[in-house]
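We count residues from 1, following the sequence as given. The analysis underlying the following values was restricted to heavy atoms, covering all of them including side chains, and did not include hydrogens, waters or symmetry mates.
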Amino acid sequence: MAEINMQNSVENEALGKKLFSMIVVADTHLSEQDMVSNSPFPVNRLANGRMKHVVQDINALAPDFVINLGDLIHPVPGVPHAYKDAVERFLEQTANLNCPQHLVPGNHDVGDKPIDWAPAGVVCDDYLALWEEYFGPHYYAFEHKGIHFLVVNASVINTGMSAEAAQQEWLENYLQQHIGERFFINIHYPPFLTEPSEPEHYDNIAEPGRSWLLGLMDQYEVEALFAGHVHNFWYNRFGATDCYLLPSTAFVRQDYSEMYRVPPLEGEEHGRNEDAKLGYLQVNVYEHGHVCHSIRTYGQLGGEQTVLPAEARCTPVHPLEQSHAPLGFDLRQTWSEVLEIPPSGGLDEFIRKPVRNDYPLMALWEMGVKKLRVPLHDLQDDYVRERMAVLKQHGHEFTVFSFGLLNEAERNCLLQHQALVHSWEVAYASQDLDKVAGQLRHLKPELDVPVYLSRLHTHADVKQSGDRYFHVINHGFKLDDQARMQEVLDSCLLDGVISGFVLRIGLNQSPSDAVAAAADIAATMRLRFSLHLRLAGENPAEANYDDAAIARRIASSLIAAKAQSSVDVFVDTFADNDRGYFVKNGVVDRRYNPRSASLVVSNLYSELMGASNLRSIGSQKVDHGEVQLFSSDQQVFALVLPEQPVYLKRISMPCKVEGAARLADLTKGEVMPLQWQQENNGLKLDSEVLYRHPCLIRWQKG
């Protein structure tokens with residue numbers, strides 16, 4: 001296996017050398033017996049089995065250590081016999097970890113924070129004594145490779161207990177003693193979910209403790225904070241601190257299912273057992289920063305299936321870890337909206353909780369996607385613009401789009417905040433082209449942003465082409481519009497003013513051929529193209545639910561775009577459009593859980609990491625599919641796109657390869673060695689390999 005394990009290299013040199021990886025887990029909620037729980041929800045009976053899988057999975061990833069953010073067990077300390085038995089189950093299971101673990105007390109472990117409506121008992125000295133008896137100190141620090149990890153007991157904050165004063169003095173002194181060094185804070189309750197000024201509720205820290213903790217984070221420029229308790233994923237930036245709120249390994253807090261505009265599926269226990277949202281974080285720590293990878297466990301139970309070793313998996317890639325990621329998505333659905341979770345009668349009954357759905361962000365990070373296309377209106381919204389600034393620091397690149405002439409407010413906003421804009425797409429109607437071009441020429445001295453022009457299609461265009469007319473809006477040039485684009489450049493004096501044009505690629509067009517043709521035109525015209533890849537046809541009444549075809553289409557686009565430097569590709573939707581016009585599946589559903597195309601993007605970006613000077617070297621039709629060939633400086637790649645399950649026995653190869661082959665199933669994320677033999681001008685492959693999903697094979701060059 002070592003011969004084919006070509007490790008991914010981080011392309012972003014600004015991160016520096018990777019120092020280590022760690023795992024952060026939250027809310028394991030083990031019960032006193034397997035398949036037994038005092039909770040009224042059936043899913044809680046699975047917590048122990050799910051933790052067994054997590055332990056196996058962590059061992060396969062071989063991190064330096066694990067941090068558990070609390071709620072290790074489900075029975076509260078006010079029920080001492082059940083508590084003791086659950087602790088024993090937790091210690092038994094985690095004894096199987098092959099690395100050290102560091103524990104943070106949660107409210108199920110030491111009692112709730114001081115609130116009058118607390119469903120369980122409030123923290124007290126007796127509960128703290130129980131924790132210390134079984135687990136040791138309830139606040140402490142440890143150091144690893146020059147980085148300080150601080151464990152803070154959130155339950156005692158604002159209590160007035162002597163333990164609160166002792167912890168406060170310790171934390172302030174520790175930070176002062178190590179001022180200027182790197183800190184990671186680990187805590188159960190998060191300081192806030194969406195805004196530092198949000199009102200207190202069951203899931204955040206109240207004042208004045210919140211301001212005390214945030215003040216220390218700001219003063220000492222804490223690098224990251226990891227928190228649990230909420231059983232859902234959120235990411236916030238506070239000053240210099242990245243704040244990560246983690247999902248649970250056991251179950252989902254179903255009050256937050258209100259974030260989605262679709263009902264829970266059958267078997268999900270009204271959102272509590274939505275297993276796609278269960279998991280933990282793998283954190284890669286570098287010399288100059290860190291990145292987080294979400295590992296979804298899908299509720300697997302220990303021993304349910306074989307846990308793959310790390311070398312048999314595609315390695316996830318964060319947007320910040322790669323430099324050339326030319327395939328992005330059109331964020332048609334709102335992606336930064338703050339909504340209110342209604343009082344549930346379970347944990348909060350006297351307030352609506354303001355939250356933002358960050359599962360779109362989690363899915364984008366999982367895929368390694370950098371490029372995001374949003375309307376110019378997003379840049380004008382103060383809250384959304386602030387969010388754009390935060391995400392830019394994580395490697396995201398925003399393309400904004402608009403139509404026609406900018407009004408004064410739009411113009412001022414674009415100029416003032418252009419540092420957040422990676423490119424700007426301007427759609428125009430033919431009769432207004434001169435005015436739009438004039439405005440672009442006028443803005444050029446002040447605007448340092450690449451501009452792409454997109455032509456609006458009219459009824460007359462449809463009539464001239466003989467296509468059927470639909471009452472819809474289409475824009476973007478076509479591949480055979482080179483003469484028209486050149487005319488726009490020349491007649492409107494836009495040479496040197498715009499960077500390129502928007503191209504529209506219909507559902508019936510080959511994406512790989514379209515990218516290659518666009519790159520040829522770009523070379524001729526010395527411009528760039530923003531290529532819009534359609535996932536729906538031209539008829540607004542027809543729907544596209546074909547996930548397999550969508551995955552093949554996106555995979556072909558991604559690798560073709562990686563093989564050149566003049567074309568960016570935007571897939572025309574990220575999340576499902578399940579109603580209205582042009583209904584189609586995206587790469588995530590309306591709960592922002594991944595579809596197969598999302599997994600293909602993630603794993604293909606992973607397998608192509610570090611492939612320098614990638615270029616196409618041909619394609620070939622095979623039974624029930626296609627194989628596309630690419631070459632880099634050191635490797636040769638074959639992208640297999642089966643339309644039906646197929647045994648692929650032979651690939652024509654225009655160059656020599658040597659060494660073992662590596663086969664990655666781009667849907668499963670599984671990697672295996674592939675046996676082959678050189679045969680004339682091709683390769684004879686192992687006939688036992690059945691290709692059901694898009695796959696990537698790679699060899700070392702001969």
Side-chain angles (χ1 to χ4, degrees), residues 232-233 247 252 254 256-268 270-271 273-279 294 296 298 327-337 339 355-369 371-375 378 396 401 470 472-473 504-507 511 532-558 569-604 666-667 693-694:
N232 281 271
F233 172 81
V252 184
Q254 68 268 38
Y256 291 111
S257 294
E258 292 284 353
M259 292 189 294
Y260 316 113
R261 290 174 168 85
V262 288
L265 297 174
E266 185 177 354
E268 286 186 349
H270 313 292
N273 194 22
E274 189 179 349
D275 58 20
K277 289 190 167 61
L278 301 176
S294 58
R296 298 185 194 245
Y298 291 96
L327 183 133
F329 289 90
D330 194 340
L331 299 186
R332 291 179 177 265
Q333 308 284 359
T334 180
W335 60 277
S336 56
E337 173 188 25
L339 47 83
V355 298
R356 179 190 58 249
N357 178 9
D358 274 356
Y359 279 101
L361 176 62
M362 178 172 162
L364 291 167
W365 282 1
E366 287 174 332
M367 289 190 290
V369 168
K371 295 186 177 297
L372 306 173
R373 184 174 180 271
V374 299
D378 280 4
H396 293 292
F401 61 88
F470 298 109
V472 297
I473 298 171
R504 176 186 175 89
I505 304 302
L507 187 63
H532 290 193
L533 187 76
R534 299 274 294 176
L535 296 184
E538 303 302 319
N539 186 340
E542 294 178 349
N544 181 9
Y545 300 122
D546 192 339
D547 282 336
I550 290 171
R552 292 194 302 271
R553 185 168 177 79
I554 292 177
S556 179
S557 306
L558 190 159
V569 177
F570 286 101
V571 180
D572 79 343
T573 192
F574 168 56
D576 286 0
N577 180 24
D578 62 354
R579 62 203 76 184
Y581 303 99
F582 298 110
V583 169
K584 53 191 173 293
N585 284 354
V587 295
V588 295
D589 63 23
R590 288 299 291 270
R591 296 170 184 81
Y592 293 93
N593 295 329
R595 294 191 177 276
S596 57
S598 172
L599 305 174
V600 166
V601 171
S602 172
N603 295 321
L604 188 51
L666 299 177
T667 299
H693 314 118

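Of the possible donor and acceptor atoms, none in the side chain of Asn593 sits under 3.5 Å from a partner among the backbone N and O of Asp589. No side-chain donor-acceptor contact under 3.5 Å links Ser556 to the backbone of Arg552. Remark: side-chain polar atoms of Asn577 are paired, donor with acceptor, to backbone N or O of Phe582 under 3.5 angstrom.
With no hydrogens or angles considered, a side-chain donor-acceptor pair links Ser294 and Glu366 at under 3.5 Å. There is no side-chain donor-acceptor pair under 3.5 Å between Lys277 and Asn232.
Rounded to the nearest 0.5 Å, atoms CZ (Phe574) and CG (Leu364) are 4.0 Å apart. Interatomic distance, CZ of Arg373 versus CZ of Arg332, reported as 7.0 Å (0.5 Å rounding). One distance of note links CG of Leu278 with CG of Asn273; it measures 7.0 Å at 0.5 Å rounding. For the atom pair CG (Leu666) and OG (Ser602), the distance works out to 9.5 Å, reported to the nearest 0.5 Å. Atom-to-atom distance recorded for Asn544:CG and Asn539:CG is 12.5 Å, nearest 0.5 angstrom.
Ile550 is not listed as a side-chain neighbour of Lys584, based on a closest heavy-atom distance of 4.5 Å or more. Annotation: side chain of Tyr592 is not in contact with side chain of Met362 (no heavy-atom distance under 4.5 Å). Side chains of Asp578 and Arg261 form no contact here, defined as non-hydrogen atoms less than 4.5 Å apart. Considering only heavy atoms from C-beta on, Glu268 stays 4.5 Å or farther from Ser257 through its side chain.
Across Val252 and Gly271, no two heavy atoms sit closer than the pair CB-O, 3.4 Å.
Using cut-offs of 30° and 60° for the angle between ring planes, the Trp365 and Phe233 rings count as perpendicular.
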